[in-house]
Protein chains: 2
Amino acid sequence: MASIASHSLIWVKTKTKSQAVAKPPKDNSPITEHLAYLLAQANREINRQLEMRLSKEGVPVEQWRILKVLSDGNGHSMGELADAVLLNHPTLTKMVDRMVSDALVYRVQDPKDRRKVLMFVSDRGKALSKRLNSLAVSQEEHIVESYGDKSTNELKRLLESLIDSSN
Amino acid sequence: MASIASHSLIWVKTKTKSQAVAKPPKDNSPITEHLAYLLAQANREINRQLEMRLSKEGVPVEQWRILKVLSDGNGHSMGELADAVLLNHPTLTKMVDRMVSDALVYRVQDPKDRRKVLMFVSDRGKALSKRLNSLAVSQEEHIVESYGDKSTNELKRLLESLIDSSN
DNA sequence: CTTCAATTGTTGAATATTCAATATTTTCAA
DNA sequence: TTGAAAATATTGAATATTCAACAATTGAAG
């Protein structure tokens, strides 16, 4: 990992003239200045691109998430899984039903707490998961190409800390 | 607007030690290292918060967007509006149907191109829009409180440029 | 122990979204 | 000028999501 001195005296290029810096939106600001809108817009676009990649395997983005989370080999309860893959419980139940039909995952009742169901990924699911991961990684590489390494990493860092600060 | 010299010699605080910097994800990276996932997660959380605020007026986030876009007073065609508010055309048509029933907006056939329908906001819609904007602005202020001004502005800037680079 | 509240997951009905087909109008080439 | 293709918006059927109610199990207080 890059390690640099704790303080550096460097030239920083700064904007001339009044900057188009995002300000807290006023009542009459365009919607494009709202963080909530920018997040929705960026998410929609990136998700659309990923969806197109994954369509090669005929699988929705949510199933990639499910397979990826389960690929640690441990059993995950439905509740846990729902949080991890950003789906409501009933939506997850029904998507898992489909994936069970497709023999990608299977349910096991948790012996420690029989209210719970532990989800596992099948061999078939693991194989699919690998192919999906390649597609997802290649999408992110494509983003990095046009958007840049620095920006991508900085954006990820900021998103993580936004999520942290929202809990 | 703030105006500063075009180059400044300043102290920049930099990280000591190896940083926990996000790297391009590998096949076996956790899903939380994928940009697509972080965007979905952040969007879900911020959208959920906004939804809760707007529920005071019994209005979904999408209707706030529609009213906000139409609040410039100009007529907007359905296609234009669909793009702006991040909805598919048929979804928008049906949501607009509801809003017309609620007397928030109305349709006018475009005299220049009669394939098009121009959408306008009613007085009632304008009044509601104002109240919704207050709620949305106060949400963003709340985010800025816990997340910080710098981070918020930087995040917005990066999201804008991500979107730009994706077109 | 027993009972009642909380947790976990699923189901079915109600609602919303999406896909494909349609209708209308405009554009443009022949 | 005409006819075919493109653009725009809507519709209805198919699909997906959500809400509220339910069933099963556990936890915990009395």
Side-chain angles (χ1 to χ4, degrees), chain A residues 40-41 43-45 47-52 54-55 58-66 69-70 74-102 104-120, chain B residues 40-41 43-45 47-52 54-55 58-66 69-70 74-102 104-120:
Chain A
Q41 190 180 16
N43 178 54
R44 185 177 158 89
E45 176 59 23
N47 204 59
R48 195 190 56 76
Q49 288 174 17
L50 180 56
E51 187 178 50
M52 289 207 24
L54 301 188
S55 72
V59 163
V61 175
E62 290 77 14
Q63 290 197 17
W64 166 62
R65 291 195 201 130
I66 292 170
V69 169
L70 294 186
N74 304 324
H76 293 262
S77 74
M78 291 295 282
E80 214 185 316
L81 191 55
D83 287 348
V85 303
L86 315 175
L87 289 178
N88 297 338
H89 290 213
T91 305
L92 177 64
T93 291
K94 284 153 191 173
M95 184 158 288
V96 161
D97 286 347
R98 275 168 257 156
M99 296 175 77
V100 169
S101 298
D102 296 342
L104 298 172
V105 300
Y106 56 95
R107 293 176 160 102
V108 175
Q109 193 177 47
D110 185 345
K112 313 282 182 194
D113 181 344
R114 291 177 336 195
R115 288 169 303 182
K116 293 186 182 174
V117 169
L118 297 182
M119 296 303 312
F120 292 89
Chain B
Q41 190 181 16
N43 178 53
R44 184 176 159 92
E45 175 60 23
N47 203 59
R48 196 189 56 76
Q49 286 174 19
L50 180 55
E51 188 178 50
M52 287 208 24
L54 300 188
S55 71
V59 164
V61 175
E62 289 78 15
Q63 290 198 16
W64 166 62
R65 291 195 200 130
I66 293 171
V69 169
L70 295 185
N74 303 325
H76 293 262
S77 74
M78 290 295 283
E80 212 185 316
L81 190 54
D83 287 347
V85 303
L86 316 175
L87 289 178
N88 297 339
H89 289 212
T91 305
L92 177 63
T93 292
K94 285 155 191 172
M95 184 159 288
V96 161
D97 286 347
R98 276 169 256 157
M99 294 175 78
V100 169
S101 298
D102 294 343
L104 297 172
V105 300
Y106 57 94
R107 294 175 160 99
V108 175
Q109 192 176 49
D110 185 345
K112 314 280 184 196
D113 182 344
R114 289 178 335 193
R115 289 171 302 183
K116 294 186 182 174
V117 168
L118 298 181
M119 297 302 312
F120 292 90

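Chain letters run A, B, ... following the sequence lines, proteins first and then strands; every chain starts at 1.
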A/Met99 side chain near A/Ile66 side chain, heavy-atom distance below 4.5 Å: yes
Gap between atoms CG and P, on B/Leu86 and C/dA16 respectively (whole Å): 19 Å
A/Gln63 CD - D/dA16 P separation (whole Å): 10 Å
Whole angstrom value for the distance that separates P of C/dA21 from NE2 of B/His89: 18 Å
Distance below 4.0 Å between B/Arg114 side-chain N/O and C/dT24 OP1 or OP2: no
d(NZ, B/Lys94; C1', C/dC19) in whole Å: 10 Å
Between P of D/dA6 and CG of B/Asp113, the distance in whole Å: 17 Å
Any A/Ser77 side-chain N or O less than 4.0 Å from OP1/OP2 of C/dT8: no
B/Lys112/B/Asp110 salt bridge by N-O under 4.0 Å criterion: no
Whole-Å distance separating the CD atom of A/Glu80 from the C1' atom of C/dT7: 14 Å
Phosphate-side-chain proximity, A/Asn88 and D/dT18, N/O vs OP1/OP2 below 4.0 Å: yes
Phosphate contact (D/dT10 OP1 or OP2) by B/Arg107 side-chain N/O below 4.0 Å: yes
Working for side chain to side chain contact (heavy atoms under 4.5 Å, CB included), residues B/Glu62 and B/Val85: CA-CA 7 Å; B/Glu62 289 78 15; B/Val85 303; over 6 Å; no
Atom-to-atom span, CD of B/Glu62 to P of C/dT17 - whole angstrom: 7 Å
Carboxylate-amine/guanidinium contact A/Arg48 A/Glu45, below 4.0 Å: yes
Residue whose nearest DNA chain D nucleotide is more 5′ - B/Lys116 or B/Asp97: B/Lys116
Rounded interatomic separation in angstrom, taking CE from A/Met95 and P from D/dA16: 8 Å
Residue whose closest nucleotide on DNA chain D lies nearer the 5' end, A/Arg115 versus B/Leu118: B/Leu118
Contacts of B/Glu80 that satisfy salt bridge (charged side-chain N to carboxylate O under 4.0 Å, His left out) - sequence neighbours left out: none
Distance below 4.0 Å between A/Thr91 side-chain N/O and D/dT17 OP1 or OP2: no
